[in-house]
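First the structure, in the form of structure tokens, and then the observations on it.
Only a predicted model underlies this, so the values are computations on that prediction, with no experimental measurement involved. All values below come from the heavy atoms of this structure, side chains included, with hydrogens, waters and symmetry mates left out. Counting starts at 1 for both ligands and their atoms, following the listed order.
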Amino acid sequence: MSQAPDYTDKIPNNVGLREDRRLQRALESWQPNFLNWWESMGPTLPTQDVYLRTAVNVGREGWAHFAHVPMPDYRWGIFLAEQDPNRQIGFGQHKGEPAWQQIPGEYRSDLLRLIVIQGDTEPASVEQQRNLGATAPSLYDLRNLFQVNVEEGRHLWAMVYLLHAYFGREGREEAEELLHRNSGSQDAPRILGAFNEETPDWLSFYMFTYFTDRDGKYQLGTLKESAFDPLSRTCEFMLKEEAHHMMVGTTGVDRVVERTAQVMVENDTDDVAARGVIPLPVIQKYLNFHYSVSLDLFGGETSTNVANYYTAGLKGRWSEERRQDDHRLTDDAMMVDALVDAGNGQQSITEVEVAALTGLNTDLRRQYIADCRGGVNRWNKILADAGLAHRLSLPHIAFNRRVGAFAAVTATPAGELIPADEWQRRQGEWLPTDVDKIHVRSLMRPVHERGKIAAWIAPPRNGINGKPFDYDYVHLA
Ligand SMILES: [Fe+2]
Ligand SMILES: [Fe+2]
């Protein structure tokens, strides 16, 4: 059973930290290192306090508390979703057996790897976003940025708890490494490519929270199915917070598109760069970039590692329990996207049949892509409602890839394979150029005045926690 968290504890938690002195001491000795990391790699804009949501419980009757808090005093806690004492493993060779409360020795190193990879993304995004406060379009947006940042910090805590509690000395060493690697570092970069990219402007931030945080949602969704119950419960609770991050991305892009559409209609022109907003083709290029680097996070189209993780019960599928099959997949096949030799020295994009277990990355990626279409549809509805014929779209899976089958080729957003020299010549049509980036950055002048908003973005429909848009969400230092 989970206990109610005690906020007099240094580390608020519902994992009974008080009863485990050794673990408590280990985490308390990691805490100052975390705070040092936050000070040196976290948000750079000085603030007095921010109107933040803090996780205080996991129950249905409300888990969050809202108040103005100085960010370094934020209570990063450890919260696992409620335990189901009868939970059974839902898939793989151990299907139907009781979920594990301890890690079976044979799966220790694989689970460690999965937790470290997930954990590495959490502080990485804080690092990527650290300078955005200086150019926030409103106090509302500034507050949302910091909310996302503190919660990614809490997600790091969530993973570090698992490392400390279940992986002994190796886990403690990995917990230190999570603070030593840094986004974009030459010597010690973050593990995954998308988390070493810059987030230099707010359009990138909204695209990141839409596309890359959404990848996080799908990864957490597979770990939520894990036979290792503490990991499952940790991820279930993280998913609750993640929903807000994606809301920030979804509505952020909504508001950029809405404002651009307004200015296009008012001036009856597509050529709006000089009118202080972001032209639709530039929005499309940012979308192309963030979507394609996020697809890389799903790994190769086929993977025997992931097949083994599934069979072992470490990592399931998205919505595992809703799938209408035997949840073992040993006899099943599926079609995955692939590149094949078309004879005559040419390659072509097609699908090939593989064992269902080895195609699980593709399965997850397809769930993600279907979800991403929802965003594009909603942005296109904004354009349609404004009376514009322009539409945004997701590029083809072969476009701008560094990982998987399509890393070997160059393709247009429509999925047409083109020679590398043509790609070199034309990539500026599809990905943000320096000119595009400089234009977007030129619009990023801070609006830190209560109730005001930058001219390149529409105000939000709703404030936070029932507060109005012109609420004093942040007090700057
Ligand atoms: Fe996260
Ligand atoms: Fe997130």
Side-chain angles (χ1 to χ4, degrees), residues 34 37-38 41-43 50 52-55 58 63-64 71 74-81 114-130 132-133 141-163 175 178-179 181-183 190-192 194-197 199 202 204-224 226 230-253 290-291 293-294 297-298 315 318 364 368 371-372 375 464:
F34 169 81
W37 166 82
W38 180 267
M41 297 307 292
V50 182
L52 291 174
R53 165 175 93 174
T54 303
V58 295
W63 55 275
M71 271 198 292
Y74 188 77
R75 308 302 306 274
W76 285 281
I78 299 164
F79 297 98
L80 275 60
L114 288 170
I115 291 168
V116 165
I117 290 175
Q118 180 61 42
D120 192 68
T121 66
E122 312 289 356
S125 64
V126 177
E127 294 165 354
Q128 290 170 290
Q129 296 161 14
R130 66 189 305 246
L132 288 173
D141 289 282
L142 186 59
R143 176 264 166 209
N144 286 346
L145 167 71
F146 291 150
Q147 183 70 60
V148 170
N149 292 162
V150 294
E151 284 177 350
E152 300 305 3
R154 206 203 64 74
H155 293 173
L156 171 60
W157 271 97
M159 293 296 124
V160 164
Y161 160 71
L162 294 174
L163 292 173
L178 288 172
L179 298 175
R181 282 187 294 272
N182 290 139
S183 178
R190 292 295 175 184
I191 297 169
L192 301 170
F195 292 89
N196 288 303
E197 300 286 349
T199 311
W202 282 75
S204 299
F205 174 64
Y206 299 133
M207 291 292 180
F208 183 95
T209 42
Y210 188 84
F211 289 109
T212 308
D213 275 285
R214 191 171 308 274
D215 156 74
K217 166 182 161 183
Y218 282 83
Q219 304 301 338
L220 291 173
T222 65
L223 295 174
K224 184 186 78 128
S226 184
L231 175 60
S232 163
R233 292 164 56 210
T234 297
C235 292
E236 189 178 335
F237 188 64
M238 288 163 75
L239 277 166
K240 239 178 194 175
E241 294 166 310
E242 211 58 63
H244 173 72
H245 308 181
M246 282 173 288
M247 184 283 284
V248 169
T250 309
T251 59
V253 180
H290 287 274
Y291 174 70
V293 301
S294 298
L297 296 169
F298 291 85
K315 196 178 164 182
W318 181 255
L364 189 65
Y368 168 81
D371 195 350
C372 290
I464 293 298

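- Contact check for H245 versus E152: side-chain heavy atoms found under the 4.5 Å cut-off.
- Using a cutoff of 4.0 Å between basic side-chain nitrogens and carboxylate oxygens, R154 and E122 are not scored as salt-bridged.
- Take a cut-off of 2.8 Å around the Fe ion (ligand 2): the protein N, O or S atoms inside it are E152 OE2, D213 OD1, E242 OE2, H245 ND1.
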* Verify side chain to side chain contact (heavy atoms under 4.5 Å, CB included) between V253 and M207, making sure each step is shown before the conclusion. => CA-CA 7 Å; V253 180; M207 291 292 180; 4.1 Å; yes
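- A perpendicular orientation is assigned to the rings of Y291 and F211, their planes being inclined by more than 60° (bins at 30° and 60°).
- Among residues two or more places apart in sequence or in another chain, the ring-ring contact (aromatic ring centres under 6.0 Å, His included) test is passed with Y161 by none.
- Judged by the 6.0 Å and 45° rule, R214 forms a cation-pi pair with Y210.
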